[in-house]
Every structure is written in C-alpha cells, then in structure tokens.
2 protein chains.
Amino acid sequence: MARSRSLKPGRPAYQQIADELRASIRSGELGDGDRLPSETELIETFGVARMTVRAALQVLQHEGLAVAEHGRGVFVRHRRPFRRRSVQRLSRAQWGSGRAMWEADTAEDRTVSATIEVTRERAADDIADRLRVPPGTDVVVRRRLHSVDGQPLQLSAAHLPAEIAVGTPIAEPDTGPGGTYARLEELGYPLEGFVEEVQARMPSPDEARLLALPTGVPVITIVRVAHTSDRPVEVNEIVVNSDLYVLEYQIRP
Amino acid sequence: MARSRSLKPGRPAYQQIADELRASIRSGELGDGDRLPSETELIETFGVARMTVRAALQVLQHEGLAVAEHGRGVFVRHRRPFRRRSVQRLSRAQWGSGRAMWEADTAEDRTVSATIEVTRERAADDIADRLRVPPGTDVVVRRRLHSVDGQPLQLSAAHLPAEIAVGTPIAEPDTGPGGTYARLEELGYPLEGFVEEVQARMPSPDEARLLALPTGVPVITIVRVAHTSDRPVEVNEIVVNSDLYVLEYQIRP
DNA sequence: GAGTGGTCTAGACCACCAC
DNA sequence: TGGTGGTCTAGACCACTCG
C-alpha cells in the first residue's frame, strides 16, 4: 500500500479504500493471515477520517475477507474447510458398522466431541408437517453441538415421534454403536432413504456465538428427513459453519 | 417501539438497539416488508447519536433481516425461495425429454431467461484437475446468467474439454433440445452420474451486482462434475442466490 | 419541500494486546 | 506504555422518494 493515495470523486471514499484492499488480497499481495494496514496508516495514506477507513474495513469483514482482532489489527482471513460430508456417510455400511455416523468423514487423528441434550417436546408445526403427524404431537428431540479439535462445527436437532423413540436408546444421550439410525432399524423401522434440503443464510447472534463464527461467515442449513418405506421417522435440522464444510452429493441419472 | 427506552450499561448501545429491533421482527410485531422506525425516531427513542442507530440498523442488514431503501426507509426483508432444485432435474427423463434441464423445477407461468457466452480457454488448474486433463488444456466454457421473471438467480460456468465439445452444438450458444447432457450422450459419452460439492460464502461485489443481492445474503456455490463410466466430461461451477433457492438432494442408504 | 437514508468529519474515551 | 481496534458524539452535506 503506497503512501498518500488519491481518491476519485463519484465513488464513496470508503468503497474505494475497500476496493484497493480487496485487490491486494485477491492478487496475493496480502496473503492468508497477513495484517492489513492499521486504521492509523489508512487515515494517513488516504487522508480521510477514521470512521471512513473503519467503514472500508467493515466492508471487507462482511465479505468474509478479513477479521478484526481487538488490540492486534485486521487480518486476511484464511478459509480452511477441513471436513467434508459425503453421501457415503449415510450408507448402511457406515452406521451399520457401529461407528457414529457423523464421524464418517473425520480423520482419525482429530478429537471429536459433542454436547447433547435430549428432551421431549410438542412438535412445532413445520416439524410435525415433515413427520406427517398432527401438530403438537409429542416428539423426542436430540440437540447436539459437534466440535472437532475444539472447533464447533455444527448444531443439530433431531426430532423423532415420541411413540417411536421413548423407552429406547434413542431417547438416551448415548444411543450406542451406529447411533439413532442403527437403533431405528433394530426397532423395526428399516430406512429407505433420506431427503436433504439445503439452504444458506447469515447466522443469528446465538448461532454465531455457539459456532464461534467470525463476521461475514454464513451458515448452511440442512433439513434431513429419514424415511422408511411408508413414513418419515426422523427430521434433523442441522446448522453448519459454512467455513469448515464442503457438502458432497452424488447423483445418478 | 415505545417512546424513550433506556439502555443498560455493559452492552454496546447499538447492539441493544439491534436486539430490540430483532426481537420485534422475530416476534412478528414487525412483519415482512414492514418499515422499521426511521433513524430520526430511533435517535429520539433511545437518546443516542445518529451513527449509533445507524450501526444498529447495519447489524440487522448484515444479518439479512432488513434492507435499507434510500429515501424510503429500512424494511423487514422477506425471504421467498420460490424455486427448488431437486435431484430429479438431473434425471435422464428430464434432459432426455428435450426440456432444458435447468427448467426442471420452474413453474409453467414463469418467464425464464438466460444470457450466455461461449468461449474457448485454457483450463485453470482446479478445472483441469477435476476434468483429469493436463493443466492448460483447451476447454470450451459456457457462461450463463439465469433469471426468472427478471430476477437473476444463478451464474454458471460449464467447462468441457475442447476435444469433446468443439465442432458440436455444445460449443454453440444454443445446444438444442435437452441441452449439453443430451448432446453428450449423442456424441458417445453416456453419463453415469454427477457429483456436487456445495459450499456457502458471502458474494464478491461482482456477484452481488450480477445477482442483485441485497446486503446480508450469501451465495451457495456448487461444483458439479458430470462423469461417464471412465472419465469426467464436464465441470460446472455454479453460484446461486441463496435467498431464492432450496437445494434438494435424495440419498439412498 | 419534508422526510428518508448515505457519506464524511474531527474529535473523545475505552478495551485489548504486546513489549 | 504505545499501538491497536471498539464505541460514541454532534454536527455537516448529499441523494433519493414522495406527495
């Protein structure tokens, strides 16, 4: 970043400053983890007020290109999607093998952890709808926060009709080898398939906190419905840190 | 929003104001499309400076909850994912039928349009990698911007080895009934399957402009690889407006 | 013209970090 | 202790929308 740069009229100053910094990042002049010029430096370089350079830095943060660290500086953000979920994770071989399904694509040397809370509730309308049960029907809800190496990755809330789950390991925090899906098969609910609906949006403040999301990182939401041949048996609402995930799907024509 | 509300110390004022407005939106007190209190009103209500209420309003905009319209006000944003892409759109029945594949899930009464540009380029490293050809190999690139009812929905850039595509309708703007995939089959490349890698991130300024994305709306990126039994034949990089899409995937165990 | 949001200034005080 | 970013003020002028 050269000394004393001039700004052209017509385009807002903060956007021009953001443009220059963005170009430096895209070109590689500023690499992953590098510190951007400080606010003081930018004020001197461009001859503008502090709030103006702050606006420019905010733009980059909301684009997910930079993160501010209080007392240290603003840094180029580095993406590192170290996990990927593949279709195979929902194969019977996977959860039939006794491995926890969600560990399917976790490398062996990673530390996987989860907090879990199991409750019994009345189903919200959208959940009841997807489970094809009357609104307000009792459901068992398994809420989890999954982390790998201490980094929170995803929130999930699995809903199953209470009629199916109560009195079984599915209503316990630890469902045992193979998890919920293995238990469902044992209970006489052979799974025929899954449907996942995928969307993306910005996180709520709560989600940002729980997933330790920096500014400018969206979440991917997945609603997965597990079916037997004649009825849906589980609706899982999943919210994942989009920075750490690549979802992979295979499709046959 | 009651008159003259007090702010508690400890939490920044702009966040408390954002909290109150967010709660009004979540509770339904402020519904889709409703106007939020103006900056002037918020200044009077909370007794703070203008930049403070603007910071609060920016928070909501970056969360995707509100949009500002210059000269009119700040409004509750309404999500309307009016399209959904399903697995069936990649079924042979779909593109074998002569319908353009991407129209699979478009309602009949919508106006679908696309701009297209076909070029011949040397493959970038990641594309070459996925096509399993040497870096710099010639590829035909079909870049499109799809819109429905004038609303831009997605950008796509389909890359095919020039060796396969040149001299065929695939290298023409109009590929004919059934599109690229129908032509590939006719040319002796029967498709065995597709793999899609899905991620989400904030858009670049260019993407935000082309897709007419408001502040706080991420994009979903899809990299789709189409395979024959022995080689990948197309890599399609897709960027979609996450506000208008629900991706649907079916998985069999 | 009145009301709205968009940009910008020139200060202030504070909280956090590193040395 | 000096440098960093975080919050906040009290103004200013501008651009857009609508009646």
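Reckoned from all heavy atoms, side chains included, excluding hydrogens, waters and symmetry mates. Naming: A, B, ... by sequence-line order, numbering from 1 per chain.
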Does [X] have a side-chain nitrogen or oxygen under 4.0 Å from the phosphate oxygens OP1 or OP2 of [N]?
X	N	result
Q15(A)	dT7(C)	yes
T40(A)	dG3(D)	no
Y14(B)	dC8(D)	no
R72(B)	dC18(D)	yes
S38(A)	dT4(D)	yes
T52(A)	dC8(C)	no

Nucleotide [N], atom [atom2] - distance to [atom1] of [X] in whole Å:
X	N	atom1	atom2	result
F46(B)	dC8(D)	CZ	C1'	16 Å
F75(B)	dT4(C)	CZ	P	11 Å
R54(B)	dT7(D)	CZ	P	16 Å

Donor-acceptor pair under 3.5 Å, R50(B) side chain vs dT7(C) base: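 Answer yes: a donor N or O sits under 3.5 Å from an acceptor.
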Counting side-chain heavy atoms from C-beta on, which of [options] comes nearest to [X]?
X	options	value
A68(B)	dG6(D), dG5(C), dT4(D)	dG5(C)
H70(B)	dG5(D), dT9(C), dT4(C)	dT4(C)
P12(A)	dT9(C), dC8(C), dA10(D)	dC8(C)

Positive for side-chain contact (heavy atoms from CB on, under 4.5 Å) with V235(B), one of D126(B), V141(B), V225(B):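 Of the listed options, the one satisfying the test is V225(B).
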